[in-house]
Amino acid sequence: MAVVESPSKETSVMALPGLGRALVAAGKLDQKAAEEIYAKAQTGRTNFISELTGSGAVSAFDLAHTMSSAFGAPLVDLDAIDVNRLPKGLLDPKICLDYRVVVLSKRGNRLVVATADPADQSAGEKIKFATQLGVDWIIAEFDKLSKMVEQSTTTTSEAIDSIIGTEFEFDEASMEAAPTDTNDVSTSEVDDAPVVKFLQKMLLDAFNMRASDLHFEPYEFNYRVRFRIDGELREIASPPPAIKEKLASRIKVISRMDISEKRIPQDGKMKLKVGPDRVIDFRVSTLPTLFGEKIVIRILDPSSAKLGIDALGYEPEEKTRLLKAIERPYGMILVTGPTGSGKTVSLYTCLNLLNKPGVNIATAEDPSEINLPGVNQVNVNEKAGLTFAAALKSFLRQDPDIIMVGEIRDLETADIAIKAAQTGHLVLSTLHTNDAPTTLTRMRNMGIAPFNIASSVILITAQRLARRLCVNCKAAVEIPREALLDAGFEEEELDGSWIPYRPVGCPLCNNGYKGRVGIYQVMPISEEIQRIILRDGSALEISEQARQEGVRSLRGSGLNKVKQGMTSLEEVLAVTNL
């Protein structure tokens, strides 16, 4: 009986594939169970390893270690390998999918290939035939291998489609495009349609999420898209790195830039239709980096300049001072603050109030951000010789009533602007300083005579933007009295008549905040401040005199917003300094 049974047992084992025989020999799997799983895989036309690991008969970890020992092949943990660094184009993606293999590297005339089944001779022969190269097997866990195969063989278009989603409707006509350029040197293999579709979705998402900027950032092995929402950058998408060349070219085309020039920064503009009668402008800036062009797109919503001065967050007394200043027939009004603090919106809000049929308004900007009908707007072009100073000289020959200069950057521009303010023109401009008093000393350091400053500047507004607490989820918080005093509150203000709030977070907001509110220091130039300027006084003297005249500091203005429950103490401390 034994003589008859032995061949039958041997025949049964030999009917299994090499992987199954190795598992039985290693004692990891019962012979009968192996045969049943193999038969099920054959009947269902599925992968034997998928059936093994899916049924729980053998874990992917045990399978990999058993194969490594049985075949004397090294074991690799695919979690430690970046899929973006794998070699491209060495093996047909279909072979990788069919046999569940991934090419890890090439050494001379041999490929190093990760597999979960080194006993599959057909896979080795197929790879050798397709590449004319030898194969060195590396063992990997089947679940990790399958995931990497899917990642490495997914086309860029499919990856983009997965980010966009099937519910997105593509309408290329909604984007204003420049004429196509025949000098497109993009080497990307990405199809045009998915890239255009992806770009349009990002722009629409940014607009709907109230973002102020979009950042498209290429790195060596990844690519990311971030939105600045309420002043904070948030990562929104991670498209395939292969998209960077075609995406940059697409943005340049519709922004009317030179798509063949990738060595220097460029600026441009484009539009997107977001409704039947609403078009949003975008300002585009490219910057060459180590791994491609970083592109920043700023959203310019013209309606923001027409919201009115009440929507900006000025306190009643601050609003009165500003309106009184812009009603004067001549003089200089300066708005100061860092980039992104809302200076442009403040200036255009003032211009919108002044924009009447009987008034001639001219602006010089780099570049013009908001289109305001009835205002003569000029983009400076330093390469062509159209500087701020040159534009100002031309304005004075055009019989202007009001002049707006985007930024006073040098002595020549400042000198012409001051002379314009002294000769019957109202001049509005910006400077990059920390607060209102230091603006005057900054002008002095630029080389402007104290007399010219005192006789031309009539008001300075310093401003910041603080995140506004979400009204749906903000919660009261107890803050120690000592902390409130350290923050800048006066003793008499802590009378219990108000409650500080903290951010909580809900589905309707961004980590407890929704929107932003302006914090302002509005300082009219009084006669006493003029005297301090004329005797070349310091910013500290000017600040003290302004305080005596009832001008709040930026910190004081921010603390007032805390008392009103508009923002949190932490936010005010973050955006202002004492």
Side-chain angles (χ1 to χ4, degrees), residues 159-165 167-170 174-175 194-219 222-241 243-244 246-248 250-252 254-255 267-275 278-287 289 291-304 338-345 369-370 464-470 473 503 505-518 567 571 574-575:
I160 295 173
D161 287 340
S162 68
I163 295 173
I164 295 173
E167 77 285 353
F168 180 76
E169 293 185 3
F170 168 54
S174 65
M175 299 185 71
V195 170
V196 177
K197 193 175 179 181
F198 173 75
L199 174 60
Q200 190 183 34
K201 176 173 171 57
M202 291 296 102
L203 294 175
L204 285 173
D205 284 352
F207 174 74
N208 292 329
M209 295 170 72
R210 309 182 322 278
S212 59
D213 304 89
L214 299 84
H215 294 245
F216 297 86
E217 301 170 314
Y219 297 97
N222 67 299
Y223 192 88
R224 71 177 177 181
V225 180
R226 294 192 291 173
F227 294 172
R228 188 177 292 278
I229 302 172
D230 295 337
E232 284 193 337
L233 280 171
R234 294 172 55 189
E235 185 168 337
I236 301 298
S238 296
I243 196 178
K244 62 184 179 183
K246 187 62 80 173
L247 181 61
R250 176 63 184 171
I251 292 173
K252 286 180 177 180
I254 59 178
S255 302
D267 293 302
K269 293 183 73 173
M270 62 183 179
K271 297 176 182 289
L272 179 69
K273 189 174 183 181
V274 295
R278 187 169 189 188
V279 177
I280 300 299
D281 292 322
F282 298 90
R283 191 177 77 185
V284 184
S285 172
T286 68
L287 179 69
T289 66
F291 306 107
E293 290 178 286
K294 177 186 176 181
I295 301 172
V296 176
I297 301 177
R298 172 164 288 188
I299 300 176
L300 308 174
D301 189 355
S303 62
S304 62
T339 301
S341 60
K343 300 188 298 296
T344 301
V345 172
E369 294 190 1
I370 298 173
R464 299 289 188 276
L465 288 177
R467 290 180 294 171
R468 190 189 293 264
L469 284 168
C470 174
C473 65
C506 69
L508 300 176
C509 66
N510 178 28
N511 297 324
Y513 296 97
K514 186 175 182 180
R516 289 194 282 181
V517 62
T567 189
E571 183 68 9
V575 300

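All residue numbers refer to positions in the sequence shown, counting from 1. Not measured: the values here are computed from a predicted model.
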task = Test side chain to side chain contact (heavy atoms under 4.5 Å, CB included) on L214 and I299 and set out the steps.
result = CA-CA 8 Å; L214 299 84; I299 300 176; 4.0 Å; yes
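Closest heavy-atom contact between C473 and G512: SG-CA, 4.2 Å. Considering every non-hydrogen atom in both I295 and A248, the closest pair reads CD1-CA, 3.7 Å. Nearest heavy atom pair, residue P239 against residue R224, reads CD-CA, 4.5 Å. Between G518 and L465, the shortest heavy-atom distance links the atoms CA-CD2, 4.0 Å.
Summarising the geometry, atom CZ belonging to R250 is positioned 7.0 Å from atom CG belonging to L199; distances are rounded to the nearest 0.5 Å. Of the inter-residue distances, the one linking Y513 atom OH with T567 atom OG1 reads 5.5 Å to the nearest 0.5 angstrom. In this structure, the separation between CD1 on I251 and CD on E293 is 9.5 Å, given to the nearest 0.5 Å. Remark: L203 CG to I280 CD1 distance equals 11.0 Å, nearest 0.5 Å. One distance of note links CZ of R467 with CZ of R516; it measures 9.5 Å at 0.5 Å rounding. Distance check: R298 CZ to H215 NE2 gives 8.5 Å after rounding to the nearest 0.5 Å.
Considering only heavy atoms from C-beta on, M202 stays 4.5 Å or farther from I297 through its side chain. Counting heavy atoms from C-beta outward, Y223 and F216 have side chains that approach closer than 4.5 Å. In this structure the side chain of D205 reaches within 4.5 angstrom of the side chain of F227, judged on heavy atoms. N510 has its side chain out of reach of M209: every pair of non-hydrogen atoms, C-beta onward, lies at least 4.5 Å apart. Put simply, the side chain of L300 does not reach to within 4.5 Å of the side chain of F282, judged on heavy atoms. Counting heavy atoms from C-beta on, the side chains of S238 and N222 never come closer than 4.5 Å. Taking 4.5 Å as the limit, every side-chain heavy atom of N511 sits out of range of all side-chain heavy atoms of P503.
Judged purely by atom type and a 3.5 angstrom limit, K244 has no side-chain atom pairing as donor or acceptor with the backbone of K294. Counting only distance, with no hydrogens or angles, the side chain of D230 and the backbone of G515 share a donor-acceptor pair below 3.5 Å.
By the side-chain hydrogen bond (donor to acceptor under 3.5 Å, both in side chains) test, R283 is found to be paired with E369, residues two or more places apart in sequence or in another chain being considered. Residues satisfying the side chain to side chain contact (heavy atoms under 4.5 Å, CB included) criterion with K269, sequence neighbours excluded, are absent altogether.
Screening E217, E235, E232 for a salt bridge (charged side-chain N to carboxylate O under 4.0 Å, His left out) with R226, the sole residue that qualifies is E217.
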